[in-house]
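Heads up: the structure comes next, in structure tokens.
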Amino acid sequence: MAKPIFLIGFMGSGKSTWGKKIAQALDLPFLDLDQEIVKHIGMTIPEYFQKFGEEKFRALESDFLKRQAETDAIISTGGGTPCYYDNMQWIKDNGLSLYLYHTPKSLWSRLSQSDIKKRPVLQGLSGEKLHDFITTKLQEREPFYEQADIKFEQIHTSLEDILQLIAQHRP
Ligand code: S3P
């Protein structure tokens, strides 16, 4: 039976970029969980947060995750996906998980250059406050991310390395 490969990690870690690269190399479809949710709700994630609140979003996110049980695809998850409900355990039971690791400084530099408005969790944060938030939030989330089957740091890893790791874990 086909099992999905989940990319997990903090906001701005490059899950979608790597997901697309891996999908292309393995000739598998690529799916972005956030995009699937956006298609369904007919509004952006910041709009949904504002209208219905984070709790409702987390419930929806968990529901969408669990619809992917037999999807033979590379799936990029949202930064918070593994950290709510029993989502991380579900990911482990239903697919192969890859954690795209960065230091807080690297995330800070990447997120500082991105459009913060697209990320409701980071609303109003910049500079030192953004750095402190990332450090604390990453610490909180790492116990979930660290449960992944494969952990890789992008500066030290090539696509070939990742494909090899996947092959070792995927019979
Ligand atoms: C979130 C990350 C976002 C998105 C939502 C919440 C989070 O996805 O799911 O804004 O809590 O980390 P990305 O990791 O793709 O930015």
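For ligands, and for the atoms within them, numbers begin at 1 and follow the listed sequence.
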Return yes if some donor-acceptor pair links the side-chain N/O of [X] with the main-chain N/O of [Y] below 3.5 Å, else return no.
{"X": "S97", "Y": "D149", "value": "yes"}
{"X": "H131", "Y": "G127", "value": "no"}
{"X": "N87", "Y": "Y84", "value": "yes"}
{"X": "N94", "Y": "W90", "value": "yes"}
{"X": "R119", "Y": "P46", "value": "no"}

So which bit of Q35 gets within less than 4.0 Å of ligand 1, heavy atoms only: side chain, backbone, both or neither?
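The answer is neither.
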
N or O contact, [X] vs ligand 1, cut-off under 3.5 Å:
{"X": "G80", "result": "yes"}
{"X": "G79", "result": "yes"}
{"X": "K15", "result": "yes"}

Please verify the inter-ring angle class for F10 with Y145; under 30° counts as parallel, over 60° as perpendicular, anything in between as tilted.
perpendicular

Determine, using heavy atoms of K118 and all atoms of ligand 1, whether some pair is separated by less than 4.0 Å.
no

So is E54 close enough to ligand 1, meaning a heavy atom under 4.0 angstrom away?
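It does not, in that no heavy atom of E54 comes within the 4.0 Å cut-off of ligand 1.
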
So, H40 versus F64, ring centres under 6.0 angstrom or not?
yes

Atoms of ligand 1, numbered as shown, that sit under 4.0 Å from any heavy atom of [X]:
{"X": "V121", "value": "6 (C), 7 (C), 11 (O)"}
{"X": "R119", "value": "16 (O)"}
{"X": "G78", "value": "8 (O), 9 (O), 14 (O)"}

For E153, is the CD atom crowded, meaning more than 12 foreign heavy atoms sit under 6.0 Å from it?
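Counting neighbours around CD of E153, more than 12 heavy atoms of other residues, nucleotides or ligands fall under 6.0 Å, so yes.
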
My understanding is that we take every heavy atom of each candidate and find the minimum distance to atom 8 (O) of ligand 1. Doing that for L111, D32, D34, L122, which one comes out nearest?
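The residue whose heavy atom sits nearest atom 8 (O) of ligand 1 is D34.
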
Taking atom 12 (O) of ligand 1 as the point of reference, which of E61, R141, K137 owns the nearest heavy atom?
R141

Return the residue, atom name and 0.1 Å-rounded distance of the protein heavy atom closest to atom 10 (O) of ligand 1.
P120 CD, 3.4 Å

Return the residue, atom name and 0.1 Å-rounded distance of the protein heavy atom closest to atom 11 (O) of ligand 1.
R58 NH2, 2.6 Å

Inspect the contact between D86 and K66 and indicate whether a charged nitrogen and a carboxylate oxygen are less than 4.0 angstrom apart.
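Between D86 and K66 there is a salt bridge, with a charged N closer than 4.0 Å to a carboxylate O.
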
